[in-house]
Structures are given as structure tokens and as C-alpha cells.
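Beneath this line is the structure, given in C-alpha cells, with notes to follow.
Keep in mind it's a predicted model, so treat the numbers as computed, not measured.
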Amino acid sequence: MLVKTYGAAVSGIDAIIVTVETVLDRGFRYCIVGLPDTAVRESHERVRSALAQSGFEMPRKSVTINMAPADVRKEGAAYDLTIALSMLAAAEKVDASVLAEYVVMGELSLDGSIMPVRGVLPMAIEARARGFKGMIVPAANATEAAVVNRLDVFGASTLAEVVGHLTGKAPLQPVVVDTRAEFAAGAQFFDCDFSDVRGQENVKRAFEVACAGGHNIILIGPPGSGKSMMAKRLPSIMPPLSLGEALETTKIHSVAGKLRRGSRLMTARPFRSPHHTVSPVAMVGGGSNPLPGEISLAHNGVLFLDEFPEFPRTVLEVLRQPLEDRHISVSRARYSVDYPASFMLVASMNPCPCGYYNHPRRECTCHAGQVAKYLGRISGPLLDRIDIQVEILPVEIDELTSGPAGEASADIRARVVAARDIQARRFASEPQIHCNAQMTSRLMAAHCRLDPQAEAILKKAIVKYDMSARAYDRILKVARTIADLDASDAIMPRHISEAVGYRTLDRSTWGTRPGGPLA
């Protein structure tokens with residue numbers, strides 16, 4: 001008897017339906033074909049033990065299993081439950097017509113319990129798109145899959161529970177998640193707030209501009225000046241995720257296996273902070289079994305690189321193309337996958353090896369040239385891709401102990417959201433453009449026109465600091481964002497002056513405290 005059951009395989013951050021065809025015949029052979037990996041081939045022993053512990057027997061016949069499409073590699077133990085049920089259906093212990101209405105995924109333990117798997121959310125999305133009635137998944141993954149509306153999702157803890165549901169003896173109850181209510185409830189909660197930050201008004205202003213336009217930013221300052229503290233509060237002032245962005249972000253974390261058990265939809269923008277010993281593969285994704293890297297896990301959120309010059313040069317250079325293209329294509333001999341990588345890069349670094357260059361109270365012990373050499377660890381093309389460069393100095397003790405509390409994140413976020421609303425209307429006809437940082441040359445020519453006075457200030461800065469053409473574009477984009485924060489249609493001279501002030505590392509005197517507007 002030929003039986004067809006259905007599972008799914010993950011490709012990139014999307015899923016492909018896998019048809020598991022099972023035939024029982026005379027003999028005692030067990031064979032799986034269809035490009036299975038070692039974990040899938042080893043399913044025989046897990047399935048045999050799980051069936052026995054659940055009160056069933058392994059069919060005493062030759063078992064041939066084909067997993068189609070045959071050109072898609074099937075990886076991991078997530079097909080155990082699919083294979084076990086296909087055998088029971090072929091042995092007529094389960095109604096094959098009922099089983100064919102579901103996409104089934106789950107890893108079996110030897111005692112018949114079902115363990116969680118990765119990538120359930122994209123599988124559920126594909127199951128709904130292909131017209132399946134429902135999905136049977138491990139209980140730990142049920143709320144994740146139930147985010148998808150118009151799909152009956154059943155979570156099971158054991159193989160016996162699944163069989164009881166399919167035979168009608170002990171039906172499972174579908175897991176129901178009110179996606180919009182869950183999304184609205186969690187979208188306003190943050191662990192950190194900018195009200196905790198005293199002083200550093202110029203840095204907080206730079207963060208506000210960066211979030212308003214989606215600009216990359218780097219902070220240069222001595223240890224203890226608050227670089228990491230403020231960076232961790234960035235998600236609290238970024239615009240809320242839209243429902244579509246939340247779904248896409250959750251898919252990526254689901255594929256990577258980063259969702260906690262019982263997780264639903266991600267409601268906060270991700271904040272990823274990899275250690276500087278991270279490898280290039282861990283940063284961009286890939287590996288023997290391809291998974292999203294840190295730049296994709298930071299999609300729609302923040303990638304924070306602390307101690308920026310300490311990252312290996314090879315790791316930093318792989319960021320250049322994703323920063324421009326907002327996605328990464330990972331091509332290897334066996335596969336080629338695309339991952340989204342639209343993130344805001346936030347980097348921090350000390351100004352020199354000892355960390356105290358230009359410190360107001362401590363003397364720098366670095367000799368001449370060490371400061372430039374330290375900065376030289378970061379390539380010029382990569383620095384050019386960072387729109388905002390800000391020097392940060394320690395807060396004075398009086399301001400730290402008795403100064404007023406900082407402005408709340410909610411107030412800053414309101415201004416950021418208002419500026420993003422202006423950009424949303426501006427780029428309404430450009431589906432791939434969502435903020436000023438993503439503007440193309442054509443859009444810049446249309447929306448970043450300068451009056452003669454503003455143009456004169458910009459030309460003077462470009463000549464004086466010998467800036468590159470890319471830096472010129474960055475200044476225009478940042479100035480456009482500052483004008484949006486002012487609700488100004490035109491880019492005024494003060495907007496250009498402030499934007500030029502955010503190019504600290506382009507200056508020959510970059511180690512000094514930022515002064516007033518460029519005259």
C-alpha cells in the first residue's frame with residue numbers, strides 16, 4: 001500500500017513542502033531515498049523505539065520511503081514523526097486520508113515523546129499557502145505555528161497523542177493565538193529606557209537622528225563613557241515593528257532555532273551583539289547546514305559591534321556588501337541561499353589602544369601614530385558606510401549624581417515615528433525603500449535639493465576634510481533626516497551643519513570635542 005504524508009524543509013527563511021511516500025512490501029529491508037542526511041537515515045532506530053514505547057509495532061515488511069522533491073536535501077531529525085505516521089498509515093493503523101490533510105513535523109525521542117524542531121513558522125506559512133487543513137507539531141512549537149491564521153495547529157507531546165487525534169479516540173484541541181492582540185500587547189514593553197541616561201545630550205541626539213532615518217552610527221570614546229549602555233537602549237526609540245516586519249523577523253529566528261519555547265510573534269526589534277571573536281560564517285550565515293548569521297538575526301533591528309577594531313578584518317569586510325544591498329547571498333558548492341539583512345549597524349570603539357586619548361582627566365599613554373594605526377584597523381570603505389560618527393566623552397560626576405533624569409524613550413520615539421511617517425509618505429511609490437538611509441541616487445536628487453547657502457557649507461566641508469563621494473551622499477541623507485525631525489520640507493543650512501558635525505572621523509582633528517556648526 002502506497003501512503004503519502006507531508007512534512008516540510010527549510011530553504012533560506014522559507015519552507016518547501018516535502019512529500020513522504022511510504023510503501024510496504026515483502027521482505028525486511030528499510031530504505032530511505034530522496035537526498036536524506038545522516039540524521040534522517042538514523043530515524044529507523046528512533047522510530048522503531050518510539051513505536052514500541054507507544055504500543056505499536058514496526059511493520060514486519062520491507063519499508064521503502066521516498067522524500068520528494070528529491071533534489072532538496074532533507075536534514076535533521078524533524079522528519080521522525082512524519083515517517084512514523086506514514087508507516088502506521090501504510091500498515092492501516094491510521095487513516096491515510098485524514099493524515100494527508102496535515103503537515104506533520106517533530107523529532108521523536110526513544111520513549112515516544114516529541115521534541116521541538118526549528119523553522120516551524122515558515123513551515124506553517126507554506127502549509128496554509130498550499131491549502132492544508134492543519135499542522136501537527138511538537139507542543140513546544142505550537143504557539144509559534146499558531147501565529148499563522150486560518151490554519152488549525154495541534155501541539156502534541158507524544159506519538160500516542162497524535163495517533164489518538166488522527167483515529168478520533170482522543171482529539172487534540174487546536175492552539176489559538178490572537179496574533180494582533182499579542183502583537184499590540186508586547187510592542188510597547190522595553191527593559192531599558194533612555195531616562196536612565198544622564199547627560200550625553202549630543203550622543204542621544206545622534207541616536208535620535210540615526211533611528212529616525214535608519215542610519216548606521218559609530219561611537220568613539222573612552223571606557224566607561226556609556227557607549228554600550230546607550231546602544232542597548234536603541235530599540236526603545238526605534239519605530240515599532242509592523243505586523244509584516246514582525247512576521248519576517250520571527251521567521252528568521254525560528255529557522256535559526258533562537259525562539260524560546262512557547263514563543264509567539266516577536267514584538268520588539270532584535271538587538272544582536274556578537275563577541276569580537278565571531279567568525280565570518282557566524283556573522284553572515286551559512287555552514288554545513290545553512291543557518292542565518294548575526295546580520296540576518298539583526299534584520300529589522302540593531303547589530304551592535306562593541307570594541308569595533310578588535311573584530312577580525314575578514315569579519316568586518318564581509319559587512320560591506322550587506323550594508324549596501326540589505327540582503328546576503330550565501331553560495332557554496334552544495335547550496336545557495338538568500339537571507340534578508342536590513343539592519344542598523346551600531347559600532348563602538350575606544351579612541352586608541354589605551355582608551356584615553358582626549359580624555360578630560362586621564363593621560364593617554366599611546367605614542368604618536370598609534371591612534372591612527374588603531375583606527376586603521378577599520379577600512380575606509382567600511383567607515384564610509386557609517387553615516388553618523390560621534391565622539392563621546394565621560395559625564396562629569398556632578399551631572400551623573402545630581403543632574404536631571406534624561407528624556408524618556410517614549411518621548412524620543414514619538415519624534416522618531418513622526419519623522420518615519422514623513423518618509424513613509426515620501427517613499428510610498430517605492431516598495432523597497434522605507435527610510436532615508438536607503439535612498440538611491442535618483443531619490444536623493446529628487447528629495448535632497450539644497451539652497452545656495454546650504455550647498456556652500458557642504459562644499460566647504462567636503463574640501464576642508466577631503467571627504468569621499470560616499471561621505472557626501474551620507475551627509476545629504478542625514479541632513480534630510482534632520483529636516484524631517486524638524487518637519488521641514490527643505491534642507492536648511494542648520495541641517496547641513498549638524499549633518500557635517502556627525503562626520504567626526506573624516507576630520508584631521510577628530511580627537512577633539514565637537515564644536516559648533518561649520519561656518
Side-chain angles (χ1 to χ4, degrees), residues 179-197 200-217 230-250 265-271 298-304 326 340 342-346 387-388 390 405-439 443 447-448 477-492 495 498-499 502:
T179 305
R180 296 187 180 277
E182 292 280 345
F183 180 71
Q188 303 298 326
F189 177 78
F190 298 98
D191 294 328
C192 304
D193 195 280
F194 266 97
S195 60
D196 303 328
V197 182
Q200 303 292 12
E201 298 304 323
N202 65 317
V203 182
K204 288 190 281 189
R205 168 64 176 179
F207 274 144
E208 180 180 337
V209 174
C211 291
H215 302 289
N216 304 318
I217 182 171
M230 286 189 283
K232 290 176 181 177
R233 284 157 173 75
L234 263 179
S236 69
I237 65 172
M238 296 181 74
L241 285 169
S242 67
L243 194 55
E245 287 176 329
L247 189 62
E248 185 179 33
T249 304
T250 309
L265 201 63
M266 292 182 65
T267 56
R269 291 188 180 271
F271 181 90
H299 180 64
N300 291 324
V302 175
L303 178 66
F304 177 50
R326 307 277 174 173
S342 181
F343 58 91
M344 194 172 95
L345 175 63
V346 180
D387 305 356
I388 299 177
V390 180
E407 187 178 17
S409 291
D411 298 331
I412 303 174
R413 193 185 206 190
R415 295 194 295 269
V416 169
V417 170
R420 284 292 185 103
D421 288 342
I422 293 173
Q423 294 166 50
R425 293 192 294 271
R426 176 181 300 137
F427 305 126
S429 60
E430 305 286 340
Q432 302 301 318
I433 306 296
H434 306 289
C435 57
N436 288 333
Q438 300 174 359
M439 280 193 293
L443 293 174
H447 302 296
C448 298
K477 292 178 181 180
V478 172
R480 178 67 267 171
T481 298
I482 298 170
D484 290 341
L485 285 167
D486 280 353
S488 172
D489 291 334
I491 299 177
M492 308 299 291
H495 302 146
E498 183 178 352
Y502 293 137

### Separation of His434 NE2 from Ser342 OG (nearest 0.5 Å)
7.0 Å
### Query
For the atom pair NE2 (His495) and CZ (Arg480), what is the distance rounded to the nearest 0.5 Å?
8.5 Å
### Message
Walk me through whether Ile412 and Phe207 qualify under side chain to side chain contact (heavy atoms under 4.5 Å, CB included).
### Response
CA-CA 10 Å; Ile412 303 174; Phe207 274 144; over 6 Å; no
### Query
Does any non-hydrogen side-chain atom of Tyr502 lie less than 4.5 Å from one of Ile482?
yes
### Message
Is it the case that the side chain of Arg269 and the backbone of His299 share a donor-acceptor pair, with hydrogens and angles ignored and the cut-off at 3.5 Å?
### Response
no
### Task
Please report the closest heavy-atom contact between Gly214 and Ala437, naming both atoms and the distance.
O-CB, 3.1 Å
#### Entry: Asn436 side chain near Phe427 side chain, heavy-atom distance below 4.5 Å
yes
### Task
For Gln423 and Thr481, indicate whether the former's side chain and the latter's backbone hold a donor-acceptor pair under 3.5 Å.
no
### Partners meeting side chain to side chain donor-acceptor pair (under 3.5 Å) with Asn300 (sequence neighbours left out)
Thr249
### Query
Is any side-chain heavy atom of Phe194 closer than 4.5 Å to a side-chain heavy atom of Glu407?
no
### Query
If you look at every heavy atom in Ser195 and Ala408, which pair is closest and at what distance?
CB-CA, 4.0 Å
#### Entry: Nearest heavy atoms of Met439 and Cys448, plus distance in Å
CE-SG, 3.5 Å
#### Entry: Any side-chain heavy-atom pair of Phe304 and Leu345 under 4.5 Å
no
### Message
Could you walk me through whether Arg420 and Asp484 satisfy the salt bridge (charged side-chain N to carboxylate O under 4.0 Å, His left out) test, starting with their C-alpha distance in whole Å, then the side-chain angles of each, then the deciding distance to 0.1 Å, before giving a yes or no?
### Response
CA-CA 8 Å; Arg420 284 292 185 103; Asp484 290 341; over 6 Å; no
### Message
Does any part of the side chain of Val417, heavy atoms only, come nearer than 4.5 Å to the side chain of Arg413, both counted from C-beta?
### Response
yes
### Query
Taking C-beta and beyond as the side chain, do Val302 and Phe343 meet within less than 4.5 Å on heavy atoms?
no
### Query
Do the side chains of Val478 and Glu498 get nearer than 4.5 Å, heavy atoms only?
no
### Interatomic spacing from CZ in Arg233 to CD1 in Ile237 - rounded to 0.5 Å
11.5 Å
### Query
Between Arg426 and Leu443, is a side chain to side chain contact (heavy atoms under 4.5 Å, CB included) present by the stated rule, with each step listed?
CA-CA 10 Å; Arg426 176 181 300 137; Leu443 293 174; over 6 Å; no
### Message
Taking Glu245's backbone N and O only, do any of them form a donor-acceptor pair with Glu248's side chain (distance below 3.5 Å, no angle check)?
### Response
no
### Message
Show, in sequence, the C-alpha distance, side-chain angles and deciding distance for Leu247 and Leu265, and conclude whether the side chain to side chain contact (heavy atoms under 4.5 Å, CB included) test is met.
### Response
CA-CA 7 Å; Leu247 189 62; Leu265 201 63; 4.0 Å; yes
### Query
Looking at side-chain heavy atoms only, is the closest gap between His215 and Met344 below 4.5 Å?
no
#### Entry: Worked verdict on Glu208 versus Arg415 for salt bridge (charged side-chain N to carboxylate O under 4.0 Å, His left out)
CA-CA 8 Å; Glu208 180 180 337; Arg415 295 194 295 269; 2.8 Å; yes
### Summary
Ile422 and Ala487 have their tightest heavy-atom pair at CD1-CA, 4.3 Å
### Query
So, does Asn216 use its side chain to make a donor-acceptor pair with the main chain of Asp387 at under 3.5 Å?
no
### Message
Walk me through whether Val209 and Ile217 qualify under side chain to side chain contact (heavy atoms under 4.5 Å, CB included).
### Response
CA-CA 10 Å; Val209 174; Ile217 182 171; over 6 Å; no
### Query
Is there a side chain to side chain donor-acceptor pair (under 3.5 Å) between Ser236 and Asp193 once you walk through the steps?
CA-CA 7 Å; Ser236 69; Asp193 195 280; 5.4 Å; no
### Message
Just checking Lys204: does its NZ atom have more than 12 heavy atoms from other residues, nucleotides or ligands closer to it than 6.0 angstrom?
### Response
yes
### Summary
Scanning both residues in full, the closest heavy-atom pair of Ala479 with Ala499 reads N-CB, 3.8 Å
### Closest non-hydrogen atom pair between Ala419 and Leu485, with its separation
CB-CD2, 3.8 Å
